[in-house]
Number of protein chains: 2
Amino acid sequence: MYLEKIDAPQDLRGLTTEQLRALADEIREALLRKLSAHGGHIGPNLGMVEATIALHRVFDSPKDKIIYDVSHQSYVHKMLTGRREAFLDPADYDEVSGYTNPQESEHDHFTIGHTSTSVSLACGLAKARDLRGGSENVIAVIGDGSLSGGEAYEGLSNAGEAGTNLIVVVNDNEMSIAENHGGLYANLRELRESDGKAPCNFFRALGLDYLYVKEGNDIEALTAAFRQVKDTPRPVVVHIRTLKGKGYAPAERQKERFHWGMPFDLATGEPKAAGGGEDYCDLTGRFLLERMRTQPELVAITSGTPAVMGFTPERRREAGRQLVDVGIAEEHAVALASGIAKAGGRPVYGVYSTFIQRCYDQLSQDLCINGNPAVIAVFMGTAAGMNDATHLGFFDIPLLANIPNLVYLAPTCAEEYFAMLDWAIRQREHPVAVRVPGAAVVHRPGPFDTEYGELNRYRVERRGREVAILALGSFHALGEETADRLKTEAGIDATLVNPRYITGLDEELLEELLRDHRAVVTLEDGSLDGGFGEKIARRYGPTPMRVLNYGLRKEFADRYDLGELLRANRLTGEQIAEDVLRIVR
Amino acid sequence: MYLEKIDAPQDLRGLTTEQLRALADEIREALLRKLSAHGGHIGPNLGMVEATIALHRVFDSPKDKIIYDVSHQSYVHKMLTGRREAFLDPADYDEVSGYTNPQESEHDHFTIGHTSTSVSLACGLAKARDLRGGSENVIAVIGDGSLSGGEAYEGLSNAGEAGTNLIVVVNDNEMSIAENHGGLYANLRELRESDGKAPCNFFRALGLDYLYVKEGNDIEALTAAFRQVKDTPRPVVVHIRTLKGKGYAPAERQKERFHWGMPFDLATGEPKAAGGGEDYCDLTGRFLLERMRTQPELVAITSGTPAVMGFTPERRREAGRQLVDVGIAEEHAVALASGIAKAGGRPVYGVYSTFIQRCYDQLSQDLCINGNPAVIAVFMGTAAGMNDATHLGFFDIPLLANIPNLVYLAPTCAEEYFAMLDWAIRQREHPVAVRVPGAAVVHRPGPFDTEYGELNRYRVERRGREVAILALGSFHALGEETADRLKTEAGIDATLVNPRYITGLDEELLEELLRDHRAVVTLEDGSLDGGFGEKIARRYGPTPMRVLNYGLRKEFADRYDLGELLRANRLTGEQIAEDVLRIVR
């Protein structure tokens, strides 16, 4: 086995082409063994096996610096840079993160998980090199899908102007997570079809040199191309055509399904766990598609992740022009939604909490200053979602809740979520965001309000005294549990409130609580700093009311255990009740 | 006078070319008369006189919808759409805003003030039209400078894919606010020099049709081009070459100075008010340039506004490759800074508070998760700065202060600002942002600390009892005034604290205050929601300490009077002292 002898990229040097091909086979096999057992990014890594071998064969990492966009395709890089055991030995599978990580290796230069950033980061490394008078190569590896984001364009245009060594490897597998969207992709096709010779060339238009490699899964062709551009004094794009999922038939066929996946049966490609019943994505897609049939002005918008809103390929076909996938272009998505709403359409933009971060200014300027009634569904705004430092769902409340004019709603369950979504789509007064309640679908008995236009009216679920618990959205159940504990442990009949509105205070209720309550507890499934609870603390600051805010401390938690994280933040009913009793008893 | 007869765009229809040319002269004269007396955007409007006349001659506004990027070039549009008196009658000069505004006219579709948004917003109008089956034209007018922002690229690429009527007028005056930066601009030059015929064409690469108009200040040439694309079923770029500052010699010569300006002498172009002494921009530029001479790894970064950091054309020449202007590409600026810092360089990115909003995700992901020691100087984070709803300096604290790993510092005066900036550049541990203290330069007697590496140590300026005032950054003087009033009015020796660190709590001090203080007052020159004071309120929530938070209520205040705004938010020493006394007496 060759892979077992690769401790560092230098160990590739002595291998013949035949031996490198055998190595590629071993890598693919190891990837499939791990990913089928463990889950992870499948297609992106299978497609990049040869290119990664060739990069490390030609360039001298870590002196030469390779930056991977999103870095979900960096598994092969990890295997070649001293971390192969994390792919060979099941006991070590969790020893590496799913993304590049400087704490793991000197061959990783950044922790990266969001898209379209590699060229800009690489520009920084190149600039520092140029000031220092260094001569190393700086290489950004970016997929065609990531080119749809504005930051990638800004990076390319600035690389074009900088004019010094920067090698941008465009890994063109003709796919984003789903299919690509954007006028750019017609140009990429033109370039592929002309063997790179089409005179109208997006990359050259931005001032970069350009080289096309038709056989992007051929080690020799890639080696020749990389040798040609190594030590170039100019910025250059090496456009390589690869096959996403290469070498595993199910992944080659079903590229979207095998972009990322949970464990699967290697023989058939079928998922090992049965589809786990209801999820908010599927329910949302069904809800919207149903509405579209009678509301021709309803448009679902996605930024490269239609599955987040439950729009499977089949539903996409059915939705037709009532679904817009803008590529990985969150900024455009929000501005587009604002424009559609302005002109009388009813746009619903569905996006993960971690990606709504990518369009703060568009939310503020394009949408909220204008007050257009667009709707945003924010998925996975919860500690129970993705747990990589780069994909946390902790920050959407601080981000959204402090923007004027926005109405940000926190339903507590599926029934309330759809009641709010329904209202948000019907109303014409406000930009409205709805925080999809947590990861797993929760049902609660109704009825729930159908109108939310009288803003900032919290709902009292249980009327008590002494202690009031304001349990927001997905933490409502935690509020119920805490109230129950206070009753059984101390005989306290706590008031339980479903605040519903993250963006404003129910002044009347909060004033009223001052009469017969001594403490208010706030619970939110997100970062405390800049969040909902702090607004309540500010409101009661000048009063005798004691306020206890619960949520997550400000940090980039990484690959955490959910239970541990919650306990560390005193987010169990037991801990909260204990704290409350210390205050009021 | 023709202008006096134009109540609506339809009134242009009866005019001959000669009459329209005379109208253009009248408009230019009115613009110069108003702007020389009142200030505003000069060059962008002078350059767009003919194009705006031609647009309104050919298209049928407001049915056809014209969206202006940044909308600082929309003065002529306002003059032709019923708002001419605001340009003719000095008594009415303030009747219109400096940007488009749907509350002023049905011919304005959005409130716009940030750059690169027009194409995306126009895509939304076009999408709603297509769903409705409408047939109106949608026109985005965007300057070449605005094309450097990622949102513009995302918009163009999506327009290219949408494939229906969308007319993008690219107003190419070969200038951004300062000179253009980015590889794209070589392509625009190639297109100009080839009369639009160069085969490598950025816009065509994104899937748009393309038309070039060499004489972009000629009404007839423009009319012909617009007639050609009117009702096109396809997205098309009309690339027009205009002269920024056209028709006013000083503005044609000094394009950067006359982009925007305060009142000036019409005969000479000289500013009416003498340069008002010190300003933070100039001081910062001087400081950085001085450092650059001995620190070759120091790099100043600007996103299209070098003057914000005091980099005049002369200083730019002197800084050479130690200044990088990335164009209006804030996202790239932050990622670039992170990369430079990672590789050992010392980047300082200078940016207005209102524009730091454009790169939240880059601050979070590219910079702070990676913990690279880049430095950001945030200018005009104050209510005393720009007062258009689109350019408020209220939101940088909520935006920045809630990102993990960032150290955000609030100096109280020039001396402390430069001490902090000096430390920020020297240290290698943290991403650091420094909030430039207010609009006008303030001096305070020192000494000030030179080291800030021991995080979150607030500085007690006066030690007292009963009441503690935490007066952040540019509101420090307000804190002093309040403390003085409490002394004279009630004999209270208040403790006065300079918190310095916006991003963390001085637990030791805050705990200590509990001993002999009954109330804590926080003051911040920014939005309360998500800000500094709320963190203090949260900290003291479970304790008997009363907390009063002062800052700005969450709103998009527009063209406010500063004194009125402060009073409405109870931000005078008198009001604060009154509130405090109500609590503690």
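Lettering of chains follows the sequences in order, A, B, ..., and the numbering in each one begins at 1.
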Run the side-chain hydrogen bond (donor to acceptor under 3.5 Å, both in side chains) test on A/Lys535 and A/Asn549 for me, step by step, so that the C-alpha distance in whole Å, both residues' side-chain angles and the decisive distance to 0.1 Å come before the verdict.
CA-CA 10 Å; A/Lys535 291 174 217 326; A/Asn549 298 137; over 6 Å; no
Residue part contacting chain A, namely of [X], when any heavy atom lies under 4.5 Å:
X	result
B/Ile403	both
B/Arg132	side chain
B/Cys368	both
B/Glu330	backbone
B/Glu297	backbone
B/Val334	neither
B/Ala401	backbone
B/Asp366	both
B/Phe556	both
B/Asn372	side chain
B/Pro102	side chain
B/Ile112	neither

Pair A/Tyr153 and B/Phe202, ring centroids less than 6.0 Å apart
yes
Contact leader toward chain B among A/Ile301, A/Thr543, A/Val138, where contacts are heavy-atom pairs under 4.5 Å:
A/Thr543
For the interface with chain A, which of B/Thr503, B/Ile536, B/Ile328, B/Leu188 has the highest count of heavy-atom pairs at distances below 4.5 Å?
B/Thr503
Max heavy-atom pair count under 4.5 Å with chain A, selected residue of B/Ser364, B/Pro347, B/Gly207, B/Cys359
B/Ser364
Can you tell me if B/Asp108 uses its side chain to pair, donor with acceptor, with the backbone of B/Phe110 under 3.5 Å?
no
For the pair B/Ser118 (side chain) and B/Ala140 (backbone), establish whether a donor and an acceptor sit closer than 3.5 Å, ignoring hydrogens and angles.
no
Closest non-hydrogen atoms of A/Pro542 and B/Ile583, given as atom of the first, atom of the second and distance, are O-CD1, 3.3 Å
Evaluate the criterion salt bridge (charged side-chain N to carboxylate O under 4.0 Å, His left out) for residue pair A/Arg582 and A/Asp579; output intermediate values, then yes/no.
CA-CA 5 Å; A/Arg582 201 179 299 131; A/Asp579 295 347; 3.7 Å; yes
Could you tell me if A/Ser148 and A/His332 have a donor-acceptor pair between their side chains, going purely by distance under 3.5 Å?
no
Distance alone, cut at 3.5 Å: any donor-acceptor contact between the side chains of B/Asn370 and B/Ser338?
no
Would you mind checking which part of A/Val299 comes under 4.5 Å of any heavy atom in chain B, side chain (CB onward), backbone (N, CA, C, O), both or neither?
side chain
Quick one: what part of A/Leu528 sits under 4.5 Å from any heavy atom of chain B, side chain, backbone, both or neither?
both
Atom CD1 of B/Ile397 and atom CG of A/Asn402: how far apart are they, to the nearest 0.5 Å?
12.0 Å
Can you classify the ring geometry of A/His391 versus A/Phe355 as parallel (below 30°), tilted (30 to 60°) or perpendicular (above 60°)?
perpendicular
